[in-house]
Amino acid sequence: MANVADIQSIARFLHNAEKERREVTSIAAEYPDLTVEDAYRIQDEIVRLKRAEGHQVYAPKMGLTSQAKMKQMNVKEPIYGYIFDYMVVPNGGEIYLDELIHPKVEAEIAFVLGKDLAGPDVTAEQVLEATSHIVPVLEIIDSRYKDFKFTLTDVIADNTSSSRVVFGNRLRKPDGVELDLIGATMAFNGEIKALGATAAVLGHPANSIAMLANMLARRKQQPLKAGDVILSGGITEAIMLTAGDYVSARFDSLGEVTFAVKASRG
Ligand code: OOG
Ligand code: MG
């Protein structure tokens with residue numbers, strides 16, 4: 001177990017890398033004994049630093065929940081992290097490359113809870129029973145590590161590459177929707193670059209939310225609450241963004257999510 005001083009200094013280092021849009025090299029290479037629990041303690045400290053700067057947690061997220069993502073990132077275990085209020089971009093809005101390092105985009109669905117959901121032993125059935133709505137999402141990830149090269153502990157410590165997120169306008173009740181068979185396409189300037197279905201996420205995206213509830217319980221963190229919006233993880237691999245891209249994702253029965261990529265504001 002790493003000591004508190006190391007946890008705090010690594011957290012500040014990664015938090016500043018995000019603010020200064022500076023890419024860094026692997027923490028795990030420098031601290032080879034870092035455990036997964038250490039990495040989550042670094043992430044907890046980043047959450048604390050952001051709150052101290054006046055930011056609020058907007059949504060918990062799961063990551064690396066599909067084979068496509070695990071294969072792309074060469075990390076074989078789902079992880080969780082947090083989206084903050086300052087990361088939210090309106091549907092149809094813009095993102096600015098000079099505020100980011102090397103962003104990529106991925107399509108996901110988010111669950112909105114109508115009931116609290118506390119682990120351990122939460123099942124996918126309980127997740128479905130607790131879900132009030134689902135909403136489509138484009139998540140913009142921006143690992144602080146050079147070339148998106150990271151280990152499991154690296155990416156957990158880096159708050160799972162959280163950077164920006166665009167939610168769709170259409171909230172849908174889950175009743176009568178096969179939540180594992182929601183198809184999605186993601187196009188760049190009208191050309192489809194990635195497509196998939198929600199079953200790519202651990203066989204059914206409700207499994208991802210159940211896993212989060214159980215991971216939070218294992219770490220004795222605050223459980224998921226009614227009203228929480230939770231990202232279940234990328235369906236397809238993530239695709240690099242460049243200035244001039246217009247990204248549009250279409251989700252079966254959930255509508256469209258779009259944003260434009262600009263070099264800078266104004
Ligand atoms: C880590 C973030 C993963 C997802 O949906 O799989 C993630 C990364 O790939 O940089 O958000
Ligand atoms: Mg994601």
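These figures come from a predicted structure and were not determined experimentally. Read the numbers this way: they start at 1 and go in the same order the structure lists the ligands and their atoms. For this chain, numbers begin at 1 and follow the sequence in order.
Nearest protein heavy-atom neighbour of atom 8 (C) of ligand 1: Ser161 OG, 3.5 Å. Distance from atom 6 (O) of ligand 1 to its nearest protein heavy atom, with residue and atom name: Leu64 N, 2.7 Å. Taking atom 2 (C) of ligand 1 as the reference point, the nearest protein heavy-atom neighbour is Thr160 O, 3.3 Å.
Ring-plane geometry between Phe150 and Phe148 is classed as tilted, the angle between the planes lying from 30 to 60 degrees on a 0 to 90 degree scale. The aromatic rings of His55 and Phe84 stand perpendicular to each other, their planes meeting at an angle above 60°, with 30° marking the opposite boundary.
With respect to the Mg ion (ligand 2), Glu106 has OE2 as its nearest N, O or S atom. Considering just the N/O/S atoms of Glu139, the one nearest the Mg ion (ligand 2) carries the name OE1. Take the N/O/S atoms of Glu108: the one nearest the Mg ion (ligand 2) is OE2.
Of all the heavy atoms of Glu106, the ones lying under 4.0 Å from any atom of ligand 1 belong exclusively to the side chain. Residue Lys104 does not touch ligand 1, judged by heavy-atom distances below 4.0 Å. Contacts between Val155 and ligand 1, counted as non-hydrogen atom pairs separated by less than 4.0 Å, involve the side chain only.
A donor-acceptor contact shorter than 3.5 Å is absent between the side chain of Asp180 and the backbone of Thr198. Side-chain atoms of Glu125 never come within 3.5 Å of backbone atoms of Thr123 as a donor-acceptor pair (strictly under, hydrogens ignored).
The shortest N or O to N or O distance between Met73 and ligand 1 is not below 3.5 Å. Between Ile141 and ligand 1, a contact under 3.5 Å exists for no N or O pair. Taking any N or O of Ser143, backbone or side chain, none lies under 3.5 Å from an N or O belonging to ligand 1. Of the N or O atoms in Thr65, none lie within a sub-3.5 Å distance of an N or O in ligand 1.
Residue Lys61 places a heavy atom less than 4.0 Å from ligand 1.
When each of Ile156, Leu34, Asp154 is paired with Ile42, the side chain to side chain contact (heavy atoms under 4.5 Å, CB included) condition holds for Leu34 and for no other.
Close approach of ligand 1 to Phe148 is summarised as follows: ligand atoms under 4.0 Å from at least one heavy atom of the residue are 10 (O). Less than 4.0 angstrom separates some heavy atom of Gly234 from each of these atoms of ligand 1: 4 (C), 5 (O), 6 (O). Residue contact check: Gly233 has heavy atoms under 4.0 Å from atoms 5 (O) of ligand 1.
A salt bridge does not link Asp44 with Arg41: every distance from a Lys NZ or Arg NE/NH1/NH2 to an Asp or Glu carboxylate oxygen is 4.0 Å or more. The pair Lys69-Glu108 does not count as a salt bridge, with every side-chain nitrogen at least 4.0 angstrom from each carboxylate oxygen. A salt bridge does not link Arg12 with Glu45: every distance from a Lys NZ or Arg NE/NH1/NH2 to an Asp or Glu carboxylate oxygen is 4.0 Å or more. Look at Arg164 and Glu99 and you find a salt bridge, because one of the NZ, NE, NH1 or NH2 atoms lies within 4.0 Å of a carboxylate O, short of that distance. Taking a cutoff of 4.0 Å between a charged side-chain nitrogen and a carboxylate oxygen, Glu237 and Lys71 do not qualify as a salt bridge.
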